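Per chain, numbering begins at 1; letters A, B, ... match sequence-line order. Note: hydrogens, waters and symmetry copies are ignored here, and every other heavy atom, side chains too, is used. Since this is a predicted model, take the numbers as computed values, not measurements.
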Number of protein chains: 2
Amino acid sequence: MSANNQPHPVDGARSGESAGAPDPSRSTLAGVAKRAGVSVSTASIAFSGIGSIATATRDRVLQAAAELRYFGPDPRARSLRQGRSGIVGVVLEDRVIHSFRDPMTIAVLDGISQELGNENGGLLLLTSTGIGESSIQSAVFDAAVFLGCSPRLTRSIEVMRQRNVPMVAIEAQHFDGVLSVALDNREASTRLAQHVYDLGHREVAVVALPMDALRQLRPLTDEIVADATTAVSMDRLAGAREVYAGLGGYVAANSSSDDGFAAGLLLLGGADVAGGAGGSGGAVGAGAGAGAGSSRRGRPTAIIAQSDLLAVGVIRAAESLGLRVPADLTVVGFDGARIEGLSDHDLTTMVQPATEKGRAAGRAVTELLAGGHPPDVHFACTLHPGTTAAPPPTAPPTARPTSPVPTST
Amino acid sequence: MSANNQPHPVDGARSGESAGAPDPSRSTLAGVAKRAGVSVSTASIAFSGIGSIATATRDRVLQAAAELRYFGPDPRARSLRQGRSGIVGVVLEDRVIHSFRDPMTIAVLDGISQELGNENGGLLLLTSTGIGESSIQSAVFDAAVFLGCSPRLTRSIEVMRQRNVPMVAIEAQHFDGVLSVALDNREASTRLAQHVYDLGHREVAVVALPMDALRQLRPLTDEIVADATTAVSMDRLAGAREVYAGLGGYVAANSSSDDGFAAGLLLLGGADVAGGAGGSGGAVGAGAGAGAGSSRRGRPTAIIAQSDLLAVGVIRAAESLGLRVPADLTVVGFDGARIEGLSDHDLTTMVQPATEKGRAAGRAVTELLAGGHPPDVHFACTLHPGTTAAPPPTAPPTARPTSPVPTST
DNA sequence: CTGTTAGCGCCTTCAC
DNA sequence: GTGAAGGCGCTAACAG
């Protein structure tokens, strides 16, 4: 009889604990209660403070606890019983290292943690590695925040929903039952492109953020766009294409200045060099339908980078080729990351409230956990004019058509 | 009778769940078993795969689960029963934002996550906010990694020890029962200082990493050193002082180029300006005992920054004052962070294997959880000569005493 | 103010 | 290959 359970078979069994049995059944609330001569529930109250208890009794309990070196309830048991662990899961799209290298991600994480204030227990970092997804389904947390995640999470989301785990998605596509915190990526991108257009640029290329799981620097093709799964880059591209229809360029492997540099070289040197460091095909200049004006597909006079990191790389590439920014080349970014080391440049970019996004997500989580039904949140970007955008070298300085350029396709 | 427990009082009670009761007692393994016409234990086997089960039976169970939208065991219950949650806690000294801005911390985190591979469940980020410490004591995790933490964690460590939670400390002081992963900070720092010395520098100042909880840029005083709680900065200082006895300078508020910049201005402009932007007292030059050679406490000819970020800031400060690096000023860092945007400079620094540190910690955690007793780990730094260190403008190029300079105190 | 009682959801030894 | 039961450690109703 009596199925003897030993959930902690580590000690005696495995390792050769040399010291004299430091764990003859780890002290438990029951043990403390017994030693203090009270019932477990009373002891529980002594620790949680929930319910009333005589000071004397509590002292007795606490002293017994001290003697037994009992420091408080086991978090695991507590979380089972209460149905709450205090942990908020943050699901990152990428390997941790990539996420951490992106100042926007970091800002968002900081915002979340600001609002959650670690009184909740902490942030559990998870990654959606695609296959398996196991960790996200088997991890202990009360609420989940998805950070720019792809639709492959569908199943995990279903599981969470079934478990009544509130979910918030930042910059992801819409999922039913998942609160959305997002940016006006498309509109902002249009505004930025319009800014470039108004300066007179007609030969323009884009360096886009990754659009799918395949992390590789390559020319932006229709297939890639068609199969894209990343909302942010898609929206930013769509926005720019409202001004520059058919805008072409490169897709980066990730948001890094190294990738921006490589793409920049391809775009700026590639026109002549043809087949530089990896990109096989074309996709330079204003791509398919170069807007009104010169249809000559020469070197672009402006490059729209979908992130500031990429933009920084592009600027470096330009300078390494002897081009001056913005005199010879206009470069604009996106994010407002305030990347240091840009020498004298003040990057022209769309500033997004990254930390605020995180804070909003954190607040939403709090409300959801309290049973509320907060609404979706939208943020707007603001144009930072900066000093890296100027009229093209040879263009008419005052062209100002505000309507989209028609596609030539 | 029958104390009716409802650990999840959220639904009906609080929020006005309008939809038709999506959670009439969330599906559980017992429910699945009943529906499949088997016992719970059999159903459990169907999910865990541990134990033998007829294929037909398993299919029946899985189908029943699908029908009930049961997606697998509840992580909370599982973790209580098994005594394992799969979560590894990472305790950061600072607010998340500070940690995330430090490339070394990020590299370490990446190393940890590489080795833990998220099959374990994920990294739980916790911060040692000093007061309370509650979150670390009440959070669910199986093992803890402390990242450069101060001794204020003593109590939390005691709790973890009592709970049999394996602990690994990276770059922290020694704690009993906590596996240590560390760097030869002191020795490396000495080597770097010697390098500077060998170049002929005698007027030297340090920009130190924070030494205690008070995050504020201020002159390095004896009190600060005496009360220091951060092992890394202490060790690096001690190492440098073996070459430059009594080395003085500033303590930064955190490892950032902004702080480096501010400290740089104080050190380089401060000698004349006296009381520039906040630092009241002296602490410039080679401090108390300016080493052999000129005892004139003028502007330093070399600045030893305790991190690359700080060094970058110092370089910017120097250049903003019209000083050329390294012709007019030698600047050395520590870390090997490869910070971008340093223009043409290649920072002279001690390169530390940060990712490796994280990996080692991750591996140690794995072994400890498996019941092993892995040893402490030590890593060495390598000097990267770089291009930001050169002989001082007016110094004899070939001074080469290898023994420490005696203190004048 | 304290004790009793009934599980949270699952796993696991033991018997069949 | 499957079923039956005990309990991980704790908390929340209720009764006294």
Side-chain angles (χ1 to χ4, degrees), chain A residues 1-10 23 25-34 36-61 65 68 70-85 138 140 142 163-164, chain B residues 1-10 13 25-34 36-61 65 68 70-85 138 140 162-164:
Chain A
M1 59 203 66
S2 156
N4 183 14
N5 305 13
Q6 277 189 327
H8 306 280
V10 175
D23 177 12
S25 106
R26 233 168 54 252
S27 52
T28 150
L29 190 57
V32 173
K34 189 198 251 174
V38 299
S39 79
V40 256
S41 65
T42 305
S44 175
I45 293 174
F47 278 96
S48 69
I50 298 183
S52 38
I53 188 177
T55 317
T57 313
R58 189 183 50 222
D59 289 349
R60 203 140 39 87
V61 172
L68 270 76
Y70 174 87
F71 298 105
D74 181 317
R76 277 183 283 257
R78 193 185 177 72
S79 84
L80 171 59
R81 180 61 236 236
Q82 304 195 134
R84 286 276 158 101
S85 63
S138 64
V140 178
D142 299 341
R163 285 191 190 147
N164 274 327
Chain B
M1 54 205 66
S2 153
N4 182 15
N5 304 14
Q6 276 189 327
H8 308 278
V10 175
S25 109
R26 232 167 56 252
S27 51
T28 149
L29 190 56
V32 173
K34 189 198 251 172
V38 299
S39 79
V40 250
S41 61
T42 304
S44 175
I45 294 174
F47 277 96
S48 70
I50 297 181
S52 38
I53 187 176
T55 318
T57 314
R58 190 184 49 221
D59 289 350
R60 204 142 37 89
V61 173
L68 273 93
Y70 174 87
F71 298 106
D74 181 318
R76 278 182 283 258
R78 195 187 176 76
S79 84
L80 171 58
R81 182 57 237 243
Q82 304 197 136
R84 285 277 158 99
S85 63
S138 64
V140 177
Q162 212 281 335
R163 285 191 189 147
N164 272 329

Nucleotide of [options] approaching [X] most closely (side-chain heavy atoms):
X: A:Ala77; options: D:dC10, C:dT2, D:dG3; answer: D:dC10
X: B:Arg78; options: D:dT11, C:dC11, D:dC8; answer: C:dC11
X: B:Leu80; options: D:dC8, C:dC11, C:dG3; answer: D:dC8

Task: Qualifying side chain to side chain donor-acceptor pair (under 3.5 Å) pairs, either residue in residues 48-57 of chain B, two or more places apart - done: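 Sorted result for residues 48-57 of chain B: empty, none.
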Spacing between [X] atom [atom1] and [N] atom [atom2], to the nearest angstrom:
X: B:Phe71; N: C:dC10; atom1: CZ; atom2: P; value: 14 Å
X: A:Leu29; N: D:dT11; atom1: CG; atom2: C1'; value: 9 Å
X: B:Arg76; N: C:dG9; atom1: CZ; atom2: P; value: 9 Å
X: B:Arg60; N: D:dT2; atom1: CZ; atom2: C1'; value: 11 Å
X: B:Arg84; N: D:dC8; atom1: CZ; atom2: P; value: 18 Å
X: B:Arg163; N: D:dG9; atom1: CZ; atom2: P; value: 12 Å
X: A:Asp59; N: C:dC1; atom1: CG; atom2: P; value: 13 Å
X: B:Arg81; N: D:dG9; atom1: CZ; atom2: P; value: 10 Å

What distance separates [X] [atom1] from [Y] [atom2], expressed to the nearest 0.5 Å?
X: B:Ile45; Y: B:Arg58; atom1: CD1; atom2: CZ; value: 11.0 Å
X: A:Lys34; Y: A:Thr28; atom1: NZ; atom2: OG1; value: 10.5 Å
X: B:Leu80; Y: A:Ser79; atom1: CG; atom2: OG; value: 7.5 Å

Open item on the list: So, OP1 or OP2 of C:dG3: does either fall under 4.0 Å of a side-chain N or O from A:Ser39?
Closed with: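 For C:dG3, OP1 or OP2 has a side-chain N or O of A:Ser39 closer than 4.0 Å.
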TODO: Indicate whether OP1 or OP2 belonging to C:dG9 is found under 4.0 Å from a side-chain N or O atom of B:Gln82.
DONE: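 For C:dG9, OP1/OP2 do not have a side-chain N/O of B:Gln82 under 4.0 Å.
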Closest non-hydrogen atom pair between [X] and [Y], with its separation:
X: A:Leu29; Y: A:Ala43; answer: CD1-CB, 3.6 Å
X: B:Tyr70; Y: B:Ser27; answer: CD1-O, 3.5 Å
X: B:Gln162; Y: A:Leu68; answer: NE2-O, 4.0 Å

- [ ] Please list, chain by chain and in numerical order, all residues satisfying side-chain hydrogen bond (donor to acceptor under 3.5 Å, both in side chains) with B:Thr42, sequence neighbours excluded.
- [x]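 If we apply the side-chain hydrogen bond (donor to acceptor under 3.5 Å, both in side chains) test to B:Thr42, skipping adjacent residues, the hits are B:Ser39.
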Open item on the list: Does anything in residues 44-54 of chain B come within less than 4.0 Å of DNA chain C? Heavy atoms only, and list the residues if so.
Closed with: B:Ser44
- [ ] Can you pull out how bent the helix from C:dC1-D:dG16 to C:dC16-D:dG1 is, comparing the axes over its first five and last five pairs, to 10°?
- [x]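 That helix gives 30° between its end axes.
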Open item on the list: So B:Val40, base contact, sugar-phosphate only, or nothing? Heavy-atom distance under 4.0 Å.
Closed with: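 Nothing, no nucleic acid heavy atom in range.
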Task: Non-neighbouring partners of A:Phe71 that pass ring pair (Phe, Tyr, Trp, His ring centres under 6.0 Å), sequence neighbours left out - done: none
TODO: Look at the side chain of B:Ser41 and the base of D:dG3, then say whether one donor and one acceptor between them are separated by less than 3.5 Å.
DONE: yes
Open item on the list: Keeping A:Asp142 on the side-chain end and A:Arg84 on the backbone end, is there a donor-acceptor pair under 3.5 Å?
Closed with: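 A pair under 3.5 Å: no.
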